Amino acid sequence: MRIVSWNINSVRLRENLVLKLMKELDPDIICLQETKCPNNQFPEKAFAKAGFSHIAKNGIKGYHGVATLSKHAIIESDIVDYCGKGDGRHIAVTVKSGKTAKPVTVHNFYVPAGGDEPDPDINEKFAHKLAFLGEMQNRFKKLKKLGKAAGQVLLGDLNIAPGEHDVWSSKQLKNVVSHTAVEIAELAKVQAAAQWDDVARRFVPPEEKLYSWWSYRARDWAASDRGRRLDHIWVTPDLSPAVSDYGVLRAARGWERPSDHAPLWIDLKT
DNA sequence: ATGGTGGGCGCCCCA
């Protein structure tokens, strides 16, 4: 089973790029973030026609919003309202890909970007980001305690590039929101809460640069290559051996009228 | 040191 995560930055504007992605990667599940689309305006028909007839969405007019498209039946879906704001920043689906396959639960997240100033006392957006990560920690700690932290995937735009080689210059970005020590520590606590495995770094050596986002503001994003790895796919330990491949479709950043994020994917033997 | 671009929505927010 191939699972994709992609911050699409408006699903209505880039419906054609989602269809292109379907052709290029032939995934089973696609998790979108920043759909910026109310549920009743979501382009379901076009996606169903392409084979993705099972869709779970948590959309908000104008801002953020997540949606998960599946070729296989969604047997359960669940939305958690982080920080009590009514935002569209999480949706979970449970999918069973065949009669003998074990069900897999996929958590699709869009963590708040956090604004410009990395100080929660003067920047409420940064405070929101830290609070959101705190709620993620509690949620997955509880899940672990209940013995239910298995058969799960956590992915999405987490808006944090934790490692030295997850950014083009760790030194120059150390005070830039997305790469500050406090965020990286909070993200590590989320990861520890259910012993999530960051599969990316098993397939791409930690000392190799790896990005999933490049700013729109660069004159030539590919030439300057000042990227950040803001998007992640994690799995619970029981699924680690089942992950057979991982990749970032960097080419999609160069498609016509692109998102500023590239899609990333894993192959999972179920 | 600064400002650069791109979305949605409606005279300005967010990334």
Side-chain angles (χ1 to χ4, degrees), chain A residues 5-21 31-43 46 57-67 81-90 108-120 122-133 155-162 166-169 171-180 183 186-187 211-232 248 250-264:
Chain A
S5 173
W6 196 11
N7 178 319
I8 191 65
N9 188 17
S10 173
V11 69
R12 281 173 292 177
L13 194 71
R14 291 187 236 285
E15 181 188 314
N16 60 328
L17 296 192
V18 177
L19 295 171
K20 188 174 161 84
L21 175 83
C31 297
L32 300 173
Q33 302 89 34
E34 274 207 277
T35 53
K36 295 183 175 175
C37 176
N39 288 341
N40 62 6
Q41 291 177 36
F42 197 87
K57 51 204 185 299
N58 181 11
I60 305 293
K61 187 181 177 181
Y63 305 100
H64 38 82
V66 291
D81 180 12
Y82 286 81
C83 303
K85 291 170 85 84
D87 284 358
R89 297 187 181 274
H90 170 266
N108 178 359
F109 274 102
Y110 178 45
V111 172
D116 290 328
E117 194 57 55
D119 178 351
I122 57 170
N123 173 10
E124 63 179 42
K125 288 182 200 168
F126 196 68
H128 178 209
K129 186 177 198 174
L130 298 181
F132 193 102
L133 294 164
L155 57 72
D157 179 2
L158 306 185
N159 265 315
I160 297 168
D166 295 334
V167 292
W168 63 277
S169 167
K171 205 174 168 184
Q172 283 179 256
L173 293 177
K174 71 177 171 57
N175 294 321
V176 173
V177 171
S178 74
H179 193 62
T180 65
E183 294 164 83
E186 290 305 310
L187 188 68
Y211 314 136
S212 64
W213 173 88
W214 294 260
S215 171
Y216 282 127
R217 296 177 191 179
R219 254 177 239 143
D220 184 335
W221 71 273
S224 60
D225 201 22
R226 294 184 168 191
R228 302 178 202 171
R229 186 167 73 102
L230 301 179
D231 303 272
H232 302 269
V248 176
R250 181 185 164 113
R253 181 61 179 81
W255 290 351
E256 204 182 336
R257 283 195 96 181
S259 166
D260 45 354
H261 293 254
L264 55 159

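Please read these numbers as outputs of a predicted model, since none were measured by experiment. Below, chains carry the letters A, B, ... as their sequence lines are ordered, and counting in each starts from 1.
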Quiz item: Within the structure, does a side-chain N or O atom of A:Arg217 lie under 4.0 Å from either OP1 or OP2 of B:dT2?
Solution: no
Say you pick atom [atom1] in [N] and the same atom in [M]; how far apart are they, in whole Å?
{"N": "B:dG10", "M": "B:dC14", "atom1": "P", "answer": "14 Å"}
{"N": "B:dG3", "M": "B:dG7", "atom1": "P", "answer": "22 Å"}
{"N": "B:dA15", "M": "B:dC9", "atom1": "P", "answer": "15 Å"}

Which whole-number value in Å describes the distance from [X] [atom1] to [N] [atom2]?
{"X": "A:Arg219", "N": "B:dT2", "atom1": "CZ", "atom2": "P", "answer": "17 Å"}
{"X": "A:Trp6", "N": "B:dG7", "atom1": "CH2", "atom2": "P", "answer": "13 Å"}
{"X": "A:Glu117", "N": "B:dA15", "atom1": "CD", "atom2": "P", "answer": "15 Å"}
{"X": "A:Leu13", "N": "B:dG8", "atom1": "CG", "atom2": "P", "answer": "5 Å"}
{"X": "A:Tyr63", "N": "B:dA15", "atom1": "OH", "atom2": "P", "answer": "9 Å"}
{"X": "A:Trp214", "N": "B:dG6", "atom1": "CH2", "atom2": "P", "answer": "17 Å"}
{"X": "A:His64", "N": "B:dC9", "atom1": "NE2", "atom2": "P", "answer": "12 Å"}
{"X": "A:Lys61", "N": "B:dG10", "atom1": "NZ", "atom2": "P", "answer": "5 Å"}

Practice problem: Starting at CG of A:Asn7, measure out to OG1 of A:Thr35 and round the result to the nearest 0.5 Å. | Solution: 9.5 Å
Quiz item: When rounded to the nearest 0.5 angstrom, what distance separates OG in A:Ser259 from OH in A:Tyr216?
Solution: 4.5 Å
Quiz prompt | Partner set under side-chain contact (heavy atoms from CB on, under 4.5 Å) for A:Arg257, not counting sequence neighbours | solution = A:Leu13, A:Arg14
Self-check item: Test log, rule side-chain contact (heavy atoms from CB on, under 4.5 Å), inputs A:Ile160 and A:Leu133
Solution: CA-CA 11 Å; A:Ile160 297 168; A:Leu133 294 164; 3.7 Å; yes
Quiz item: In terms of the nearest nucleotide of DNA chain B, which residue is placed more toward the 5' end: A:Tyr110 or A:Ile60?
Solution: A:Ile60
Quiz prompt | Most 5' of A:Gly114 and A:Asn9 on DNA chain B, judged by nearest nucleotide | solution = A:Asn9
Quiz item: Mind checking whether A:Tyr110 and A:His64 have parallel, tilted or perpendicular rings, split at 30° and 60°?
Solution: tilted
